[in-house]
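Structure first, then comments.
Reckoned from all heavy atoms, side chains included, excluding hydrogens, waters and symmetry mates.
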Amino acid sequence: MKKTVIITGANSGLGFQTALKIAAHSTEFEVILACRNLEKAQQTQAQIVKETGNPHVSVLQLDTASLKSVRQFVKAYQDKYGAPVYALLCNAGIGAFNSAPQLTEDGFDVVFATNHLGHFLLTNLLLPFMEKEGKILVTASDMHNPLLQSGETFAWLGVEAISHPGEKLAASNLRYAYSKLCNVYFVYELTRKLKAQNSTVKVNAFNPGLMKTHFSKTNEAFYDYIRINVPERYGDLDKSSSALAELTYSEDIILSSGHFYDRSTRPCFTSQLSYNEQNAKELWEKSEEYTQ
């Protein structure tokens, strides 16, 4: 039986490279590219099939900024495939630097909705269809603990302030940092809930680092500065996608939940703020309310 892997945001960058490597690893993997732009996704599909020789690559439309689109995706998956999900890679995302302050059709900040809320709903809707030993991997970031100017502190503002930002936060790149903190909170809280249910589905976070992709409009000099001066934040696209692919297809690396894999198959600690269980619980409860 095929092992079904769903990857959101698989058109380019980390998602594309990871999909390519999983498809190339073995034809036992059925890779579903869950992407907003259907035309680009179909081009990506053809490229992966051609380069890997794996014919089991398909496309389903998904915009994680839209709760309606998430629900339509899950229904389409049930109708077209109906197979258990071996791995769900919640990878789609946008940066605050690429997005002017705006609200989605559901009334939420577009960065919060795209990076967290859509994946929250998607994961919860797909959980009943996960294989018994299924995997959920959420692309987070070390930016959940941003480097701030001297004297500044990165504090939890509450879900309402992040999902419906005021003028100051709406104009700030910290919208992205908060969305990545939400990713980590989501993984940690889902870990606790799955454990309470005696579920054997495993959920973890992955940090690819700051990579040279279309995701950022930052110039070449900035990447070089980060690579030389802040190497703990820098990520290599080939290495990070190889690690994420290996975490997905290997049977003996991920043995438990609640880990944060740092640009490799090795887990590391996250920020002190990210371990606040009350914040994570608040995020979960508000996300449930938002997705009713």
Side-chain angles (χ1 to χ4, degrees), residues 8-9 13-15 34 36 62-67 69-70 88-124 136-148 153-190 203-211 213-218 233 235 260 270-271 273-276 279-291:
T8 70
L14 181 69
R36 180 177 56 83
L62 171 65
D63 180 1
T64 58
S66 165
L67 299 180
S69 177
V70 172
L88 170 63
L89 275 58
C90 297
N91 169 75
I94 59 172
F97 38 71
N98 285 350
S99 171
Q102 60 176 296
L103 298 180
T104 67
E105 62 189 30
D106 302 296
F108 304 106
D109 173 68
V110 67
V111 177
F112 172 84
T114 302
N115 297 359
H116 164 68
L117 194 61
H119 285 119
F120 174 88
L121 178 60
L122 176 68
T123 300
N124 278 285
I136 300 167
L137 285 158
V138 179
T139 300
S141 171
D142 50 24
M143 277 297 292
H144 77 275
N145 185 27
L147 298 173
L148 301 179
T153 58
F154 186 62
W156 181 244
L157 302 176
V159 182
E160 187 62 28
I162 296 168
S163 60
H164 301 95
E167 185 176 340
K168 183 178 179 181
L169 181 59
S172 169
N173 286 342
L174 286 181
R175 286 189 299 149
Y176 179 75
Y178 279 113
S179 75
K180 295 290 103 178
L181 179 58
C182 287
N183 290 155
V184 181
Y185 279 148
F186 171 54
V187 167
Y188 289 167
E189 186 64 15
L190 181 55
V203 55
N204 292 281
F206 180 77
N207 169 39
L210 178 64
M211 303 176 298
T213 69
H214 81 290
F215 184 82
S216 172
K217 296 179 180 178
T218 309
R233 299 270 172 164
F260 182 90
T270 51
S271 70
L273 181 60
S274 71
Y275 293 112
N276 187 304
N279 293 348
K281 183 179 179 182
E282 179 203 355
L283 176 66
W284 187 280
E285 291 176 350
K286 291 295 289 186
S287 297
E288 281 190 323
E289 177 187 322
Y290 291 160
T291 56

* Working for side chain to side chain contact (heavy atoms under 4.5 Å, CB included), residues Asn276 and Trp156 -> CA-CA 10 Å; Asn276 187 304; Trp156 181 244; over 6 Å; no
Determine yes or no for a side-chain-to-main-chain donor-acceptor pair under 3.5 angstrom, with [X] supplying the side chain and [Y] the backbone.
X: Thr64; Y: Gly118; answer: no
X: Asn91; Y: Gly9; answer: yes
X: Thr114; Y: Val111; answer: no

Between [atom1] of [X] and [atom2] of [Y], what distance do you get to the nearest 0.5 Å?
X: Ser287; Y: Glu282; atom1: OG; atom2: CD; value: 9.5 Å
X: Arg36; Y: Ser66; atom1: CZ; atom2: OG; value: 11.5 Å
X: Cys182; Y: Lys286; atom1: SG; atom2: NZ; value: 12.5 Å
X: Leu103; Y: Phe108; atom1: CG; atom2: CZ; value: 9.5 Å
X: Asn279; Y: Leu273; atom1: CG; atom2: CG; value: 6.0 Å

Within the 4.5 Å heavy-atom criterion, are [X] and [Y] side-chain neighbours or not?
X: Asp109; Y: Arg175; result: yes
X: Leu148; Y: Leu174; result: yes
X: His164; Y: Glu160; result: yes
X: Asn207; Y: Ser141; result: yes
X: His116; Y: Ile162; result: no
X: Val159; Y: Phe112; result: yes
X: Leu117; Y: Tyr290; result: yes
X: Leu122; Y: Leu62; result: yes

Shortest non-hydrogen contact from [X] to [Y]?
X: Asn183; Y: Thr139; answer: OD1-O, 3.4 Å
X: Val110; Y: Ala65; answer: CG2-CB, 4.5 Å
X: Leu67; Y: Asp106; answer: N-OD2, 3.1 Å
X: Ala170; Y: Pro165; answer: N-CB, 3.8 Å
X: Ala177; Y: Phe154; answer: CB-CZ, 3.9 Å
X: His144; Y: Ser274; answer: CD2-CB, 4.0 Å

* Have Ser179 and Asn115 got a donor and an acceptor in their side chains that come within less than 3.5 Å? ->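 Indeed, the side chains of Ser179 and Asn115 share at least one donor-acceptor pair under 3.5 Å.
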* Between the side chains of Thr8 and His119, is a donor N or O closer than 3.5 angstrom to an acceptor N or O? ->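 There is such a pair between these side chains.
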* State yes or no: are the ring centers of Tyr188 and Tyr275 separated by less than 6.0 Å? =>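 Tyr188 vs Tyr275: aromatic centres under 6.0 Å.
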* To do: Measure centre to centre between the rings of Phe120 and Trp284, then say whether the value is under 6.0 Å.
  =>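 Yes, the ring of Phe120 comes within the 6.0 Å limit of the ring of Trp284, centre to centre.
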